[in-house]
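Here is the structure we will look at.
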Amino acid sequence: MGQANSICQSAEAFCSGLLVFHTGKLTLECLKDIISLTLKAKFDPADPRSFGIIAGTGGTYTMRLSKSFGRTLREQPSEVEMPSHGLMLRTGLVSKLAAGIYSYMPFAWRSIKKIEAVMRREMDAIGGQEINMPVVNPADIWQESGRWNEIGPEMARFKDRSGRDMCLAMTHEEPVTDLARRFIDSYRQLPCVVYQIQTKFRDEPRARGGLVRVREFIMKDAYSFHVDQEDLTSYYPDMCRAYERICQTCGVPVVKVLSDVGMMGGSLAHEFTYVTDSGEDTLILCPNCGYAANREVAVFDNNAALKEADLKPDETRVPIEKVHTPGKNSIALVSGYLGANPASSIKTMVYFSQGEEKPFLVLIRGDLDVNERKLANFLNTAEVGLASPDELKSFGLVQGFMSPVGNEQFTVVADSSISPNYSYIAGANEIDYHFVNVAPGRDFRIDLAGDFSAAREGDPCAECGTPLAVKRGIEVGNTFMLGIRYSQAMGADFQSEDGSLKPIVMGCYGMGVGRLLACVLEENHDGKGIAWPITVAPYQVHLICLGASERVQKAAEEVYKRLVKAGIEVLYDDRDESAGVKFNDADLLGMPIRITISQRSLKSGGAEVKLRHDTEPTIMSLDILEDSVSQMIEEELSRFIPE
RNA sequence: CGGGCUGUGGCGCAGCUUGGUAGCGCGCUUGAAUGGGGUUCAAGAGGCCGUAGGUUCAAAUCCUAUCAGCCCGACCA
């Protein structure tokens with residue numbers, strides 16, 4: 001009871017107290033005490049406005065469906081493409097105000113708050129301290145980091161009344177680095193971690209899939225500060241594990257994949273991705289050794305095909321020769337025409353890197369494709385783009401027959417799939433002609449060589465040679481080893497043990513709350529509707545009263561009050577609807593435990609209780625219903641909470 | 001931003017080709033019956049057809065512009 005008293009000190013502490021309960025450290029008795037202690041004065045289970053205490057939901061912990069704000073739909077709105085989107089609209093979870101801008105209705109908001117509670121618990125467990133930074137930022141800190149100019153129109157900008165440039169922070173490296181330089185002076189303060197859960201606005205070009213890709217969204221973003229890269233490297237796995245635990249608790253399986261650092265910068269980044277066909281990211285996965293990467297950065301053994309292409313190293317001694325290839329303006333046509341393997345050709349492409357006048361001649365083996373993300377990263381530029389046919393003409397290049405041979409005026413960038421030990425077929429830069437026996441190094445110069453070939457299904461894994469698999473996924477969260485990208489630019493230094501001034505080494509870690517909710521629904525539904533994991537379900541129990549008889553209604557009311565009193569979150573369907581409507585809505589809304597009170601259930605001894613994911617109900621005696629249901633809740637919770 | 005498509009009561013749609021002043025299903029309201037898987041009957045409420053111009057005696061319908069939204073690409077939690 002002392003424990004309960006101390007837990008009741010504040011609403012915030014109270015929420016974390018409940019989380020302790022979830023992991024089984026508080027007893028059920030204690031929880032009941034907490035409830036009666038907190039609510040004894042104004043507690044009325046029949047009043048939907050009663051103060052809510054359960055699992056950090058903060059609002060009402062109980063609800064009569066007849067009073068619920070929102071409605072379920074029988075038919076699916078036509079805009080729907082993804083299951084989670086359809087379910088959200090049919091259950092009245094969200095409502096769209098504009099493209100990619102949604103209101104969260106009561107059920108969704110309860111679930112969001114539970115997801116946030118899970119995130120808080122895991123962040124706190126690895127030393128995170130919750131803060132809240134401004135959404136509206138002055139331009140100057142973004143100018144300091146350089147991102148004011150680097151980031152395009154996806155960042156919303158405006159001027160305040162005195163004409164000062166402002167923006168809506170779409171991520172918080174700049175404000176948090178500003179905090180770091182104000183408050184971190186010494187190595188003694190490091191490492192440390194802060195996080196926040198906050199609404200972000202990103203003016204994405206295209207919103208889609210309900211909450212999967214929106215413009216306004218809730219993000220949990222965390223930032224860690226370290227004395228050196230080594231310390232960051234040792235902390236990083238803790239964050240990754242926390243991310244995996246968060247997703248597991250929410251009933252969303254994720255894979256951790258290598259990813260592009262994108263606009264964040266830094267050295268290493270991972271994404272935590274929920275694998276689903278309707279995802280928008282493409283993953284390259286090795287079923288044998290576990291290599292996993294976003295296609296944007298995925299590597300593979302791009303020399304394996306050479307062996308199969310049956311090229312002979314000594315062919316490099318054969319002199320280059322021009323051959324007539326009428327109308328054969330693609331690798332496939334030329335290879336077919338000359339009876340050669342496409343892998344024995346060089347594909348020549350012309351790319352511009354962002355902000356540069358002069359194009360690059362980009363070479364890759366004929367059977368491979370350029371991964372533009374990898375190419376841009378290799379060239380250390382934000383973006384690359386193919387030259388247009390007109391531009392090619394203006395450079396004197398012949399589309400379909402382009403060649404590295406005789407084009408010395410360009411910087412030649414070769415993919416690592418082009419080996420100097422072999423000879424190839426290449427364009428002759430003349431219509432209807434190709435060269436054969438083209439030897440890199442002998443017949444043309446390579447200025448830069450790197451890996452920017454695109455991995456495909458079946459390509460051999462760079463680690464173990466196993467054919468790679470391609471899957472689609474939704475990126476739920478990401479982690480970045482930023483290094484000193486921001487601390488250096490913004491002068492966030494600390495004094496190290498030896499007295500020298502060093503830039504703070506940083507990591508940043510983002511996770512989309514609404515997107516995780518979308519993934520919860522993607523993963524946990526069936527043909528009838530949602531099947532919430534109990535950890536994030538808006539309510540634990542969906543109570544149905546069937547029949548108009550006074551006896552049944554009285555019994556249902558009684559059960560409702562008793563469950564609520566026992567600290568169970570109950571959604572009570574007290575509407576005057578037919579059995580079919582009520583059952584279908586219960587399946588659609590998908591609360592984990594369904595309890596039915598009816599003439600029939602009373603006759604057979606009590607309440608009919610069914611788990612959403614089970615098919616058969618069981619009859620439970622009304623005498624000990626709270627205890628039986630509480631035990632079911634415990635069992636359900638243990639299915640999702642790690643350890 | 002490029003390509004494809006759609007805007008008609010809260011939701012799903014028909015009507016548009018061949019102009020004549022708006023209809024169906026679900027939902028909503030009222031009443032009655034029913035009461036274990038979207039039950040039945042009856043009576044209602046609700047839309048100037050995205051917006052603005054134009055053509056016409058007459059426009060949801062034809063023309064032009066514009067806005068919004070959806071889907072496929074380039075970007076990201």
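All chains are named by letter (A, B, ...) in the order of the sequence lines, taking the proteins before the strands, and each is independently numbered beginning at 1. These values consider heavy atoms only, across backbone and side chains, with no hydrogens, waters or symmetry-generated copies.
Residue-to-nucleotide proximity on RNA chain B shows that, of A/V581 and A/Q76, the 5′-proximal contact is made by A/Q76. Nearer the 5' end of RNA chain B, as judged by each residue's closest nucleotide, is the contact made by A/E81, out of A/R213 and A/E81.
Separation of the P atoms belonging to B/rA22 and B/rG9 is 15 Å when rounded to the nearest angstrom. Nucleotides B/rU64 and B/rC76 have their C1' atoms positioned 38 Å apart, rounded to a whole Å. Using atom P as the reference point in both B/rC11 and B/rC70, the two lie 14 Å apart (nearest Å). For the P atoms, the distance linking B/rA65 with B/rG25 amounts to 38 Å, nearest Å. The same atom, C1', is picked in B/rA77 and in B/rC71; the two are 22 Å apart, to the nearest Å. Nucleotides B/rA14 and B/rG23 are separated by 7 Å at their C1' atoms, to the nearest Å. Distance check on atom C1': B/rA42 versus B/rC48 gives 31 Å, rounded to whole Å. Rounded to whole Å, the P atom of B/rG10 lies 15 Å from the corresponding atom of B/rU29.
Residue A/E75 places a side-chain atom within donor-acceptor reach of the base of B/rG25, judged by atom type and a 3.5 Å distance cut-off alone. Counting distance only, with no hydrogens placed and no angle test, the side-chain atoms of A/N478 and the base atoms of B/rC76 include no donor-acceptor pair under 3.5 Å. For A/D585 against B/rG37, a side-chain-to-base donor-acceptor contact under 3.5 Å is absent.
A/E79 comes within 4.0 angstrom of sugar-phosphate atoms only, judged by non-hydrogen atoms across all strands, and of no base. A/R594 comes within 4.0 angstrom of a nucleotide base, judged by non-hydrogen atoms across all strands. When heavy atoms are screened at a 4.0 angstrom cut-off, A/G209 is found touching the sugar-phosphate backbone but no base atom. Residue contacts shown for A/N294 are absent, as no nucleic acid heavy atom lies under 4.0 Å away. Using a 4.0 Å heavy-atom distance criterion, A/Y274 is classed as making no nucleic acid contact. Counting non-hydrogen atoms under 4.0 angstrom, A/E577 reaches a base of the nucleic acid. Nucleic acid contact class of A/V214 (heavy atoms, under 4.0 Å, all strands): base. Using a 4.0 Å heavy-atom criterion, one finds that A/S601 contacts the bases of the nucleic acid, with or without backbone contacts as well. No contact: A/A586 has no heavy atom under 4.0 Å from any strand. Residue-level contact check: A/D221 touches neither bases nor backbone, having no heavy atom under 4.0 Å from any strand. Residue A/A99 is classed as a sugar-phosphate contact, given heavy-atom separations below 4.0 Å to backbone atoms only. Using a 4.0 Å heavy-atom criterion, one finds that A/P77 contacts the sugar-phosphate atoms exclusively.
A sub-4.0 Å separation between OP1 or OP2 of B/rG38 and a side-chain N or O of A/S578 is absent. When the side-chain nitrogen and oxygen atoms of A/R206 are compared with OP1 and OP2 of B/rC72, one or more of them lie within a distance under 4.0 Å. For the pair A/R74 and B/rG27, the criterion of a side-chain N or O lying under 4.0 Å from OP1 or OP2 is met. Listed pair A/S78 / B/rC13 meets the phosphate criterion, a side-chain N or O lying under 4.0 Å from OP1 or OP2. In this model, the phosphate group of B/rC76 is not approached by any side-chain N or O of A/R515 to a distance below 4.0 Å at OP1 or OP2. For the OP1/OP2 pair of B/rC70 and a distance below 4.0 Å, the side-chain nitrogens and oxygens of A/K96 include at least one atom meeting the criterion.
For A/Y572 and A/Y560, the ring centers are positioned less than 6.0 Å apart. The distance between the ring centers of A/H226 and A/Y235 falls below 6.0 angstrom.
A 3.5 Å limit on both hydrogen-bonding distances identifies no Watson-Crick or G-U partner for B/rU18. Pairing for B/rC70 goes to B/rG4, judged as Watson-Crick or G-U wobble with the two contacts each under 3.5 Å. Pairing of B/rC28, defined by two Watson-Crick or G-U wobble distances under 3.5 Å, is identified with B/rG44. Of all nucleotides present, only B/rG54 satisfies the Watson-Crick or G-U wobble test against B/rC62, with each distance under 3.5 Å.
Within the model, atoms NE2 of A/H542 and CZ of A/F583 stand 9.5 Å from one another, a figure rounded to the nearest 0.5 Å.
Rounded to a whole Å, the CD atom of A/E372 is 14 Å from the P atom of B/rC76. One interatomic measurement links the two molecules: CZ of A/R71 to P of B/rC26, which rounds to 15 Å at whole-angstrom precision. Between the CE atom of A/M155 and the C1' atom of B/rA77 there is a distance of 17 Å, rounded to whole Å.
Within the cation-pi definition used here (under 6.0 Å to the ring centroid, within 45° of the axis), A/R215 does not qualify as a partner of A/F201. Seen from the ring of A/W142, A/R157 does not count as a face-on cation partner, given the 6.0 Å and 45° thresholds.
Candidate nucleotides B/rG35, B/rA74, B/rG38 were compared by shortest atom distance to the side chain of A/A548, and B/rG35 ranks first. Candidate nucleotides B/rG37, B/rC71, B/rG35 were compared by shortest atom distance to the side chain of A/R208, and B/rC71 ranks first.
Aromatic ring pairs are classed by plane angle as parallel below 30°, tilted from 30° to 60° and perpendicular above 60°; the pair A/Y236 and A/Y509 is tilted.
Salt-bridge annotation for A/E616 and A/K610: absent, with no side-chain N of the basic residue lying under 4.0 Å from a carboxylate O of the acidic one. Taking a cutoff of 4.0 Å between a charged side-chain nitrogen and a carboxylate oxygen, A/E173 and A/R485 do not qualify as a salt bridge.
The side-chain ring of A/F217 is stacked on the base of B/rA77, judged by centre separation under 5.5 angstrom and plane angle under 30 degrees.
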